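First the structure, in the form of structure tokens, and then the observations on it.
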Amino acid sequence: MDRRTKYRHLLWWIICLDLLTVIWLGYRYLDRKIPDELYVTESQEQQVKNVLDYPLLSFDDAITVSGDGSYLLSSRILGVIPFKDVKVIPADSTTVLVSGSTVGIYMETDGVLVIDTGEIISEEGRAEEPAEKIIEPGDYIVAFNDEIIETKKDLVEDLEKLKQDTVELQVIRKGKKIPLSLSPVKDIKGEYKLGIWVRDNTQGIGTLTFVDQNGNYGALGHGISDVDTGELLHIDDGDLYQAQIVGIQKGSSGSPGELSGLIHYEAEKIIGSIEKNCEQGIYGKLSELPEELGLRKMEVAYKQELEIGPASILCCVDGTVREFDAEITRIDMNHEDTNKSFVIQVTDPELLELTGGIVQGMSGSPVIQNGKFVGAVTHVFIQDSTGGYGIFAENMLENI
């Protein structure tokens, strides 16, 4: 094969790869823009048509799938290649109380979370690591020799009472309970050690997003993960507290900034319980509705109602919930991460001056457009603190 023929073959391979890349990117684009599900009120049929109106894409006749009026729309690319089924679900207009107030968060883990394993200097002066390749970071210890473990204190007390050279643990790993056996090491003080770093609670501040008519709330818009393992925390119990902002670290390129809050962990400061920690935020029930929450009654918008253009953010950066100008710049109807469904940019000069845009602690700040509650701020862009991601309001409401 001469050089010219080899070059021609290489050129064809490059063209084919480019074509496959274009097809794949086009497929991914359509997949993100065409939702798997749509909640629709009686007045929004035209909005459905607008959302699904894309070149090269056609839809078959609707197929009824349930007695509640839900139906499927099957789509095809170029009228031939099957693409996806869109489920359209009848829905009523929903009204909630939106907030934007800063709240304090305290959560206890379901068992004791293992952060990492480490070495122990034994009685003989040797470095040993008894938990190596047995216990993994992210495991939750829930039992020690058949004794239930709820806190670090439980674990320490059981170790102090230990009489044998081996222990049987029950841990939760990636949602499954598994048994483990290991041999603790006596340290230079003669005390048994497992060689693990653990945590049994977490605390911080965030933003309350909304409260429904039954007192159920949603906050943050994203789950709380452990800072060391990066895993979503499995919680056993938690409380929501009143909190106040005491300082602002302004965000900039490469540094997202944060709100500093003061939380009084006292019984009389508890305003609700935390019952769920998931990818779409934290959820529970409020026991009281203090005036500081700044609640406003507002209709919920479904995702097809969002538009590229002006919007606003409700947040508390100086002790009072206020509304600041922003703009929605991108909408992904079907993003694989539901808490990154749209992009929002802060445009309000005052908020930009105060915080530099979006900062840590503002997660959960309600996003308002055309007088409706459309979603909440969830993430800040590290390289551009003026912008970040948001979650659709309907995805948060699904969790209560």
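Since the model is a prediction, treat every value here as computed from it, not as a measurement.
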field: Whether Tyr39 and Tyr302 hold their rings parallel, tilted or perpendicular, with breakpoints at 30° and 60°
entry: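 Ring orientation, 0 to 90° scale: parallel.
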query: Taking the hydrophobic residues Ile, Leu, Val, Met, Phe, Trp and Tyr, and joining any pair whose side-chain heavy atoms are under 4.5 Å apart, which ones share a cluster with Trp197?
result: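 In the cluster with Trp197 are Ile115.
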message: Using a 4.5 Å cut-off between side-chain heavy atoms of Ile, Leu, Val, Met, Phe, Trp and Tyr, which other residues end up in the same hydrophobic cluster as Leu169?
response: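 Joined to Leu169, directly or through intermediates: Val112, Val114, Ile134, Ile135, Ile141, Phe144, Ile149, Leu155, Leu159, Leu162, Val167, Val171, Ile178, Leu180, Leu182, Tyr192, Leu194, Ile196, Val198.
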query: Would you say the side chains of His234 and Thr109 form a donor-acceptor pair under 3.5 Å?
result: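 His234 vs Thr109: no donor-acceptor pair found between side chains.
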message: Taking atom CG as the centre, does Asp18 end up with more than 12 heavy-atom neighbours from other residues, nucleotides or ligands that are less than 6.0 angstrom away?
response: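 Yes, because the 6.0 Å sphere around CG of Asp18 holds more than 12 heavy atoms from other groups.
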query: Hey, is CG on Asn214 packed in by over 12 heavy atoms from elsewhere, all under 6.0 Å?
result: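 More than 12 heavy atoms, drawn from other residues, nucleotides or ligands, come within 6.0 Å of this atom.
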- prompt: For the hydrophobic clusters of this structure (ILVMFWY residues joined by side-chain heavy atoms under 4.5 Å, transitively), does one cluster hold both Phe373 and Leu295?
  reply: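 Not linked; separate clusters.
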message: According to side-chain hydrogen bond (donor to acceptor under 3.5 Å, both in side chains), does anything in residues 314-331 pair up with another residue at least two apart or in another chain? List the pairs.
response: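 Pairs touching residues 314-331 that pass the test: Arg296-Glu323, Ser312-Glu323, Asp318-Arg322, Arg322-Glu350.
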Distance from [X] atom [atom1] to [Y] atom [atom2], nearest 0.5 Å?
X      : Y      : atom1 : atom2 : answer
Met298 : Ile368 : CE    : CD1   : 4.0 Å
Ile358 : Ile344 : CD1   : CD1   : 6.5 Å
Asp332 : Leu306 : CG    : CG    : 11.5 Å

Output a table of donor-acceptor pairs, distance under 3.5 Å, between side-chain atoms of residues 390-400 and any protein atom two or more places apart or on a different chain; print 'none' if there are none.
residue : atom : partner : partner atom : Å
Glu394  : OE1  : Lys303  : N            : 3.0
Asn399  : OD1  : Lys276  : NZ           : 3.0
Asn399  : ND2  : Asn395  : O            : 2.9

message: Set out, in order, the CA-CA distance, both residues' side-chain angles and the distance that settles side-chain hydrogen bond (donor to acceptor under 3.5 Å, both in side chains) for Thr166 and Gln164, then state yes or no.
response: CA-CA 6 Å; Thr166 61; Gln164 67 267 32; 5.7 Å; no
Side-chain polar contacts of residues 374-382 - donor-acceptor pairs under 3.5 angstrom, sequence neighbours left out - could you list them?
residue : atom : partner : partner atom : Å
Thr378  : OG1  : Asn339  : O            : 2.5
Thr378  : OG1  : Tyr389  : O            : 3.2

message: If the condition is ring-ring contact (aromatic ring centres under 6.0 Å, His included), which residues does Tyr241 pass it with, not counting sequence neighbours?
response: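 Applying ring-ring contact (aromatic ring centres under 6.0 Å, His included) to Tyr241 gives Tyr265.
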Any salt bridge (charged side-chain N to carboxylate O under 4.0 Å, His left out) pairs touching [range], not counting sequence neighbours?
range            : result
residues 249-275 : none
residues 202-223 : none
residues 96-122  : none

Can you give each donor-acceptor pair under 3.5 Å made by side-chain atoms of residues 125-133, sequence neighbours left out, with the distance rounded to 0.1 Å?
residue : atom : partner : partner atom : Å
Arg126  : NH2  : Glu128  : OE2          : 3.3
Glu129  : OE2  : Thr117  : OG1          : 2.9

message: If you compare all heavy atoms of Cys316 against all heavy atoms of Ser101, which two are closest, and at what distance to 0.1 Å?
response: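 Looking at all heavy atoms of both residues, the closest pair is CB-CA, 4.3 Å.
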query: salt bridge (charged side-chain N to carboxylate O under 4.0 Å, His left out) with Glu299: which residues, sequence neighbours excluded?
result: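 Salt bridge (charged side-chain N to carboxylate O under 4.0 Å, His left out) list for Glu299, sorted by chain: Lys372.
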With sequence neighbours excluded, residues passing salt bridge (charged side-chain N to carboxylate O under 4.0 Å, His left out) with Lys193: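 Counting only residues at least two positions away or on another chain, Lys193 forms a salt bridge (charged side-chain N to carboxylate O under 4.0 Å, His left out) with Glu191.
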Does the [X] side chain pair with the main chain of [Y], one donor and one acceptor, at a distance under 3.5 Å?
X      : Y      : answer
Ser255 : Gly251 : no
Asp226 : Leu233 : no
Ser287 : Ile271 : yes
Gln244 : Ile263 : no

- request: Would you please test Ser225 and Glu231 for side-chain hydrogen bond (donor to acceptor under 3.5 Å, both in side chains) and show each step?
  value: CA-CA 5 Å; Ser225 299; Glu231 298 289 328; over 6 Å; no
